[in-house]
Amino acid sequence: MAGAGGGGNDIQWCFSQVKGAVDDDVAEADIISTVEFNHSGELLATGDKGGRVVIFQQEQENKTKSHSRGEYNVYSTFQSHEPEFDYLKSLEIEEKINKIRWLPQKNAAQFLLSTNDKTIKLWKISERDKRPEGYNLKEEDGRYRDPTTVTTLRVPVFRPMDLMVEASPRRIFANAHTYHINSISINSDYETYLSADDLRINLWHLEITDRSFNIVDIKPANMEELTEVITATEFHPNSCSTFVYSSSKGTIRLCDMRASALCDRHSKLFEEPEDPSNRSFFSEIISSISDVKFSHSGRYMMTRDYLSVKIWDLNMENRPVETYQVHEYLRSKLCSLYENDCIFDKFECCWNGSDSVVMTGSYNNFFRMFDRNTKRDITLEASRENNKPRTVLKPRKVCASGKRKKDEISVDSLDFNKKILHTAWHPKENIIAVATTNNLYIFQDKVN
Amino acid sequence: MEVQKEAQRIMTMSVWKLYHSRMQHGGLRLHRSLQLSLVMRSARELYLSAKLEEEEEEAAAAGEIFPGQLETGAQTPQPHLETGAQASERVPQPLPLPLERISVAPEPMETQEVGGSLPTRLPLSEPAWSPVPPHGGASKPSRKRRSSTLGKSGAAEAGLVPSKKAKLADEEESERQPQRQEGPFPTLAKVLQDRFSGLILQPPTVNASGEAKPGCRQGDGVLSIMVRAVVAF
């Protein structure tokens with residue numbers, strides 16, 4: 001797969017589609033909270049704050065339209081989670097979908113896990129494009145026939161009908177988390193999965209809903225001694241007994257479930273010493289890791305903290321092998337970002353299919369890609385201004401200080417309400433899905 | 001001075017954010033509460049160290065320097081008892097409200113989490129607030145949370161456990177305070193509201209030398225809010 005873009009043999013990114021309302025006035029329920037391609041890349045799922053899941057399907061490639069890959073159209077929409085109320089604690093439970101994870105396809109149906117703060121659900125999405133006709137005891141409209149009028153028997157046959165996509169909840173995994181669930185991860189055995197909240201990680205079997213194993217518990221005996229929380233967790237893509245979890249202190253722990261039943265003691269601890277020259281009030285907050293993702297190969301993992309993306313080699317614990325600054329120009333603005341709460345934003349990150357490029361979001365609807373081989377990076381914008389199909393996206397640049405060149409945007413002009421927190425990369429092709437507040441943008445590389 | 005002001009501004013902002021985060025949809029978030037309390041603590045440390053530097057400068061200027069006790073981060077008992085004595089004169093004036101209702105102090109132990117220099121600063125408040133005889137540095141055995149050792153009555157007075165006795169006090173307070181809000185964490189809400197209204201009802205009294213000192217007192221109380229916010233989980 002080619003590089004990030006920006007010249008030479010690198011690919012050029014083009015606008016493909018945008019989904020969602022054009023309104024500037026964003027309904028809270030429409031705010032996209034998660035984006036995920038399935039294993040083949042044919043399906044793209046989004047979750048929103050209103051608890052809905054929308055699945056897009058890629059059109060089969062059309063020979064006549066060879067200049068672009070298939071478009072993504074709505075395949076299924078369903079209400080995954082409803083708002084709930086915990087009567088014991090007098091607490092509202094938000095219906096916002098925190099994460100969606102696809103299961104690999106085993107038969108005609110598709111399965112995904114979706115989770116809000118407290119409950120995980122396994123959904124089956126299946127197609128119905130035929131229906132049986134020719135019943136002996138029923139008319140076609142459903143009315144029962146008088147049995148005495150039945151003189152011959154026939155075998156009902158399937159006849160084609162308009163495609164109907166049905167989503168049904170097959171399992172509901174509830175009541176296992178006291179704190180807010182922040183991540184789920186399906187094991188490579190395709191039988192078990194992890195769910196993590198602020199203090200605990202549970203291991204589930206996909207078939208069993210009435211119990212789960214608690215495998216990590218960092219709740220201190222005395223809550224006054226609490227100093228860190230779990231922020232993300234992921235299973236290793238190949239090793240079914242290995243998983244990692246990140247913390248609010250900027251550390252990542254790798255655990256092996258074969259070592260003991262309770263994985264409170266890590267097998268590896270990944271931590272980079274803090275640069276003392278960067279110390280400030282907000283050092284601890286910005287070192288909190290908001291996302292952790294293994295590379296497809298399983299050799300590396302990527303972490304996202306507030307200002308940077310770090311690539312870690314699993315064989316080296318004391319520092320990352322690569323560090324990319326996403327928006328270093330914000331370091332001097334941390335106080336303002338604390339005031340407007342932007343410092344608490346949780347950005348995600350993702351790998352491309354060949355693990356050569358990583359991508360993450362920023363403010364002003366900018367997103368960034370870093371090519372690990374060429375060490376080049378590019379900043380692009382998700383905006384309706386560039387919304388003609390196959391329009392090549394122009395690289396953007398932020399001017400940190402001093403004289404602003406033409407086409408550059410100054411830090412003070414950035415719109416901090418327009419943030420890209422969720423991005424996803426097609427597992428095989430150069431197609432990316434980028435979520436702004438309530439719109440989903442799909443970009444592709446330019447195909448000649 | 002600028003540093004102090006900035007630190008105080010950040011402390012106030014953090015309290016406000018924590019107070020309002022409980023009202024957001026979905027309830028209090030542990031991670032957010034923890035982050036806010038971390039910022040609070042950093043700001044408080046900076047505020048206190050800046051304040052101490054300023055006091056030392058003033059003392060030096062007045063010719064009362066204490067040799068070998070310049071601010072290094074490791075506190076010794078003597079300067080604290082000195083400033084503690086000064087502080088205790090001032091404390092009753094700016095914050096009578098919290099003192100009346102809370103006989104159990106926002107103890108040193110409550111802020112024992114990580115910062116090594118914290119415990120030694122808190123004796124500043126001890127003479128005025130705590131029934132425990134003031135002692136110099138904080139030693140491990142005395143770190144136990146006062147409210148937990150006093151059991152029910154202590155906890156009740158600290159506002160964590162409902163008590164019959166509190167009813168009379170409530171009636172008095174409700175006249176003074178904004179309407180209580182019930183919500184997901186009633187005890188936490190009460191603690192936040194009590195402390196927060198203590199802060200807003202008693203703005204730092206500005207006087208020639210002590211402008212920042214009542215603020216320091218408030219900082220103590222405010223940090224305990226952070227701790228209690230996390231504990232309430």
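Nothing here was measured: the structure is a model prediction, and the numbers come from that model. Order of the sequence lines sets the chain letters (A, B, ...), proteins ahead of strands, with each chain counted from 1.
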Could you tell me the separation between the CZ atom of B:Arg44 and the CZ atom of A:Phe281, rounded to the nearest 0.5 Å? 13.0 Å

Using heavy-atom distances under 4.5 Å, tell me whether A:Lys49 contacts chain B through its side chain, its backbone, both, or neither. neither

Segment of A:Ser288 engaging chain B (4.5 angstrom heavy-atom cut-off): side chain

Distance-minimising heavy-atom pair for A:Thr231 and B:His31: CG2-CE1, 3.6 Å

Within a 6.0 Å radius of atom OH on A:Tyr87, are there more than 12 heavy atoms belonging to other residues, nucleotides or ligands? no

Is the shortest side-chain N to carboxylate O distance from A:Asp341 to B:Lys17 below 4.0 Å? yes

Of the backbone (N, CA, C, O) and the side chain (C-beta and beyond), which part of A:Ile343 lies under 4.5 Å from a heavy atom of chain B, both, or neither? neither

May I ask you to check whether over 12 heavy atoms, not counting those of A:Lys346, lie within 6.0 Å of atom NZ? yes

Is any side-chain heavy atom of B:Leu38 closer than 4.5 Å to one of A:Ile285? no

Does A:Asn175, at its CG atom, have more than 12 non-hydrogen atoms belonging to other residues, nucleotides or ligands within less than 6.0 Å? no

Smallest heavy-atom separation, A:Val229 atom then B:Leu30 atom, equals CG1-CD2, 4.0 Å

Please tell me if the side chains of A:Ser248 and B:Gln35 come closer than 4.5 Å, counting only heavy atoms from C-beta onward. no

Pairwise distance OG(B:Ser37) to CD(A:Glu224) - rounded to 0.5 angstrom: 11.5 Å

Does any backbone or side-chain atom of A:Glu339 lie under 4.5 Å from a heavy atom of chain B? Answer side chain, backbone, both or neither. both

Side-chain ion pair, B:Arg41 and A:Glu284, N-O less than 4.0 Å: no

Closest approach of A:His180 and B:Leu28, non-hydrogen atoms and distance? CE1-O, 3.2 Å

Should B:Ser14 and A:Tyr338 count as side-chain neighbours, where that means a heavy-atom distance under 4.5 Å? yes

